[in-house]
**Student:** 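Let me begin by handing over the structure; questions about it come next.
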Amino acid sequence: MLDIQFIRDYPQLVQDKSAQKGYKVRVDELLELDGQRRTRLTQIDELRARRNAQAAELKQAQPSDEQIANGKQLKEELATLDVDLAMIDDKYTSLLKQIPNMPHDDVPVGASEDDNVVIRQVGVKTEFDFPVKTHWELAEAKDLIDKDRATKVAGPRFAYIKGGLVELQFAIMQFVQRTLADETVLQKLIDENELNIPAKPFVPVLPPAMIKTSIYEAMDRLEPRDDRYKVGEEVDDLWLQGSAEHTLGSMYADEILLESALPIRYVGYLTSFRREAGTYGKDTEGIIRMHQFDKLEMEVFSTPETGLDEHKLLCALQEYLVQQLELPYQILQKCTFDIGKPNARGVDLETWMPGQNKYRETHTADYMTDYQSRRLKTRFRRQPHSAQAIVDVTASKPVVGLVHTNDATAFALGRIMVAIMENYQTADGNIRIPTVLQPYMADKTEI
RNA sequence: GGAGGGGUCGCAUAGUGGCCUAGUGCGCCAUCUUGGAAAGGUGGUAAGGGGGUAACUCCUUCGAGGGUUCAAAUCCCUCUCCCUCCGCCA
């Protein structure tokens, strides 16, 4: 959710930037309702002040009939205004929620995902002196993926992942956890990118896989609803999460964190669920697009001042991780249309997939500024800076602000294994193991 | 699933219709005393919203939502979370 004060100050800007993201919003109507709402609020406050004063007057002696009648009238007036306000408030809130986050200044304006900009390509597209196989051909030959039986048991877009691929996944998970806890690596990336943030390690988390409707809505990741799985329709108010971001980013809802605790960096591991509504016929072969996939997700809570640097660190980490696996990739800065409603900025990393002869999205990094935290009420208390306090009395007063949230893929395990299979295939149909992963696989060199 | 007990200002607690403008202790901040500290004294100590250049001021919030009442932390209803016991269970 956007700050109403910001919308009051820059209505045209909000209208224009929303349009750039493909959102038709009614800023005029919202501001009209905002005015009405504030008028009612003032009236209600006045009535309540009178009610409070009257109650204070009556509390000593037995109230007279006249006083009670007077009180009753106040009560009725209040009730009418309350109903009025509730109606205005409903419309106001729903309009306010529709307004997307403002794109950051460097986000290219675009009308479709075709307007995303390739920032750079890194690595040389893998070449082979034999006919290239797709990952599903490789997997079938080695019995690494069984989709037919999964379809029988659970339906299409499910799979049994087996044998060497499972070992590979566990190896990747350990590798990521080790890397994200390595302050030397973090410091190196921070220095290279000239970021002004500490090399604080990521803490691994196993978050809940289900989420309440209210929290999902506050994260602004529930829509479109038909891409999410609802659980226990009548009995429970729960959804299966579609990304660890959904339950990681919401964990400090309604809390005030200490500035000294920030940044908080987590790497969550979770099996994620998506209905993939509207993708019928897309990526039906292989395991690129599944209803269920395992994912390692980075999530960072920070101050507003460091939010963008944290975003850049996450992007740098994504590249670092893919580089360690020695996979060719390209970086895409997403345009205004494609970054998503709560995003101020979004960057995709696409890994080269020789079997499909194209780059495919394996990573995405989202910077939400305070858009999510405003509705979640995830705040932090600024510590008084004593040096300033001497000069400026107000600076010594602790101030509460909204945290900035960042989220980024460490690895979508299914997709990165597809990339490894296709890039590391050998002439005899084996799959070599990237060097950095071998220590986590009992020094196995291929599967 | 069954029975009972709870949710109050960072923490711990008091509070059964108007003396609650939520008391007390701890913690924290400031300050006094001190050579410096401890101890002690004094003052302060939440969030959100409205108005005001400001000093300030008004409103809301005692798990959440409804209700009763001139008046609700307090009474009633619904929900929710936590604790104890029983049952079931990886």
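Small disclaimer: the values here were computed from a predicted structure and weren't measured.
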**Student:** Give none if B:C89 has no partner; otherwise give the nucleotide forming a Watson-Crick or G-U wobble pair with it, both distances under 3.5 Å.
**Tutor:**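 No nucleotide pairs with B:C89.
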
**Student:** May I ask which nucleotide in the shown strands pairs with B:C75, Watson-Crick or G-U wobble, both distances under 3.5 Å?
**Tutor:**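 Across any shown strand, B:C75 pairs with B:G67.
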
**Student:** To the nearest angstrom, how far is A:Asp34 atom CG from B:G49 atom P?
**Tutor:**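 From A:Asp34 CG to B:G49 P: 12 Å.
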
**Student:** Using atom CG of A:Leu47 as one end and atom C1' of B:A71 as the other, report the distance to the nearest whole Å.
**Tutor:**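 Those two atoms, CG and C1', are 15 Å apart.
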
**Student:** Name the residue from A:Lys341, A:Lys97, A:Arg225 that meets the salt bridge (charged side-chain N to carboxylate O under 4.0 Å, His left out) definition with A:Glu217.
**Tutor:**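 Result: among A:Lys341, A:Lys97, A:Arg225, A:Arg225 is the only option passing the salt bridge (charged side-chain N to carboxylate O under 4.0 Å, His left out) with A:Glu217.
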
**Student:** With respect to the side chain of A:Lys72, which nucleotide from B:G50, B:C70, B:A47 is positioned closest?
**Tutor:**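 Of the options given, the side chain of A:Lys72 lies nearest B:C70.
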
**Student:** Can you confirm if the NZ or CZ of A:Arg345 lies within 45° of the ring axis of A:Tyr367 and under 6.0 Å from the centre of its six-membered ring?
**Tutor:**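 No, cation not above the ring by the 6.0 Å, 45° rule.
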
**Student:** Applying salt bridge (charged side-chain N to carboxylate O under 4.0 Å, His left out), which residue pairs with at least one partner in residues 26-35 of chain A are found, sequence neighbours left out?
**Tutor:**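 As it turns out, the salt bridge (charged side-chain N to carboxylate O under 4.0 Å, His left out) pairs with a partner in residues 26-35 of chain A, which skip direct neighbours, are A:Arg8-A:Asp34, A:Arg26-A:Glu29, A:Asp34-A:Arg38.
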
**Student:** Identify, with sequence neighbours excluded, every residue that meets ring pair (Phe, Tyr, Trp, His ring centres under 6.0 Å) alongside A:Phe301.
**Tutor:**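 With sequence neighbours excluded, A:Phe301 shows a ring pair (Phe, Tyr, Trp, His ring centres under 6.0 Å) to A:Tyr252, given in chain and number order.
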
**Student:** When you measure from the side chain of A:Asp45, which nucleotide among B:G51, B:U60, B:G49 comes out closest?
**Tutor:**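 Between B:G51, B:U60, B:G49, the one nearest the side chain of A:Asp45 would be B:G49.
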
**Student:** Would you mind classifying the nucleic acid contact of A:Lys75 as base, sugar-phosphate or nothing, using non-hydrogen atoms under 4.0 angstrom?
**Tutor:**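 If one applies the 4.0 Å heavy-atom cut-off, A:Lys75 turns out to touch a base.
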
**Student:** Under a 3.5 Å cut-off for both contacts, is B:A22 paired Watson-Crick or G-U wobble with anything, and if yes, with which nucleotide?
**Tutor:**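 Pairing partner, where one exists within any strand: none, as none qualifies.
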
**Student:** What nucleotide among B:G51, B:C58, B:A46 has an atom nearest to a side-chain atom of A:Arg381?
**Tutor:**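 Side chain of A:Arg381 sits closest to B:A46.
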
**Student:** Roughly, in whole Å, what's the span from CG in A:Leu96 to C1' in B:G49?
**Tutor:**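 The answer, rounded to whole Å, is 14 Å.
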
**Student:** Map A:Ile256 and A:Asn52 onto RNA chain B by nearest heavy atom, then report which one ends up closer to the 5' terminus.
**Tutor:**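 Nearer the 5' end of the strand: A:Ile256.
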
**Student:** In whole angstrom, what separates A:Arg374's CZ from B:G48's C1'?
**Tutor:**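 Computing the A:Arg374:CZ to B:G48:C1' distance gives 13 Å.
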
**Student:** In the strands shown, is B:G4 matched to any nucleotide by a Watson-Crick or G-U wobble pair with both distances under 3.5 Å, and which?
**Tutor:**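 In the structure as shown, B:G4 has B:C83 as its Watson-Crick or wobble partner.
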
**Student:** Identify which nucleotide among B:A71, B:C58, B:G50 has an atom closest to any side-chain atom of A:Arg51, counting heavy atoms from C-beta outward.
**Tutor:**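 Within the option list, the nearest is B:A71.
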
**Student:** Give none if B:G40 has no partner; otherwise give the nucleotide forming a Watson-Crick or G-U wobble pair with it, both distances under 3.5 Å.
**Tutor:**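 Result: B:C32.
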
**Student:** Kindly list each side-chain donor-acceptor pair under 3.5 angstrom involving residues 75-85 of chain A, sequence neighbours excluded, with atom names and distances?
**Tutor:**
unit_1  : atom_1 : unit_2  : atom_2 : d
A:Glu77 : OE2    : A:Gln73 : NE2    : 3.1
A:Thr80 : OG1    : A:Glu76 : O      : 2.9
A:Asp84 : OD2    : A:Arg40 : NE     : 2.4
A:Asp84 : OD2    : A:Arg40 : NH2    : 3.1

**Student:** Could you check how far OH of A:Tyr92 sits from C1' of B:G49, rounded to whole Å?
**Tutor:**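 Whole-Å distance recorded here is 10 Å.
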
**Student:** Among B:A71, B:G49, B:A47, find the nucleotide with the atom closest to the side chain of A:Arg379.
**Tutor:**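 Selected nucleotide: B:A47.
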
**Student:** Round to a whole Å and report the spacing from CZ of A:Phe380 to P of B:A47.
**Tutor:**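 Spelled out: CZ on A:Phe380 to P on B:A47 is 13 Å.
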
**Student:** Which whole-number value in Å describes the distance from A:Arg50 CZ to B:A71 P?
**Tutor:**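 Atom CZ in A:Arg50 sits about 14 Å away from atom P in B:A71.
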
**Student:** Under 3.5 Å, side-chain donor or acceptor atoms of residues 157-168 of chain A against the rest of the protein: list the pairs with distances, not counting sequence neighbours.
**Tutor:**
unit_1   : atom_1 : unit_2   : atom_2 : d
A:Arg157 : NH1    : A:Lys282 : O      : 3.2
A:Arg157 : NH1    : A:Asp283 : O      : 3.3
A:Arg157 : NH1    : A:Arg289 : O      : 3.1
A:Arg157 : NH2    : A:Thr279 : O      : 2.9
A:Arg157 : NH2    : A:Lys282 : O      : 2.9
A:Lys162 : NZ     : A:Asp143 : OD1    : 3.3
A:Lys162 : NZ     : A:Asp143 : OD2    : 3.0
A:Glu167 : OE1    : A:Lys444 : NZ     : 3.0
A:Glu167 : OE2    : A:Lys444 : NZ     : 3.0

**Student:** Where do N or O atoms of nucleotides 73-76 of chain B meet protein N or O atoms at under 3.5 Å, pair by pair?
**Tutor:**
none

**Student:** What does B:U45 pair with, Watson-Crick or G-U, if both distances are under 3.5 Å?
**Tutor:**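 Across all strands, the one nucleotide that pairs with B:U45 is B:G27.
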
**Student:** Nearest 0.5 angstrom please: A:Gln98 CD to A:Ser94 OG, how far?
**Tutor:**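 So the gap between those two atoms works out to 5.0 Å.
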
**Student:** Can you list everything that forms a ring pair (Phe, Tyr, Trp, His ring centres under 6.0 Å) with A:Phe6? Sequence neighbours excluded, please.
**Tutor:**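 A:Phe6 satisfies ring pair (Phe, Tyr, Trp, His ring centres under 6.0 Å) with A:Tyr10 only.
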
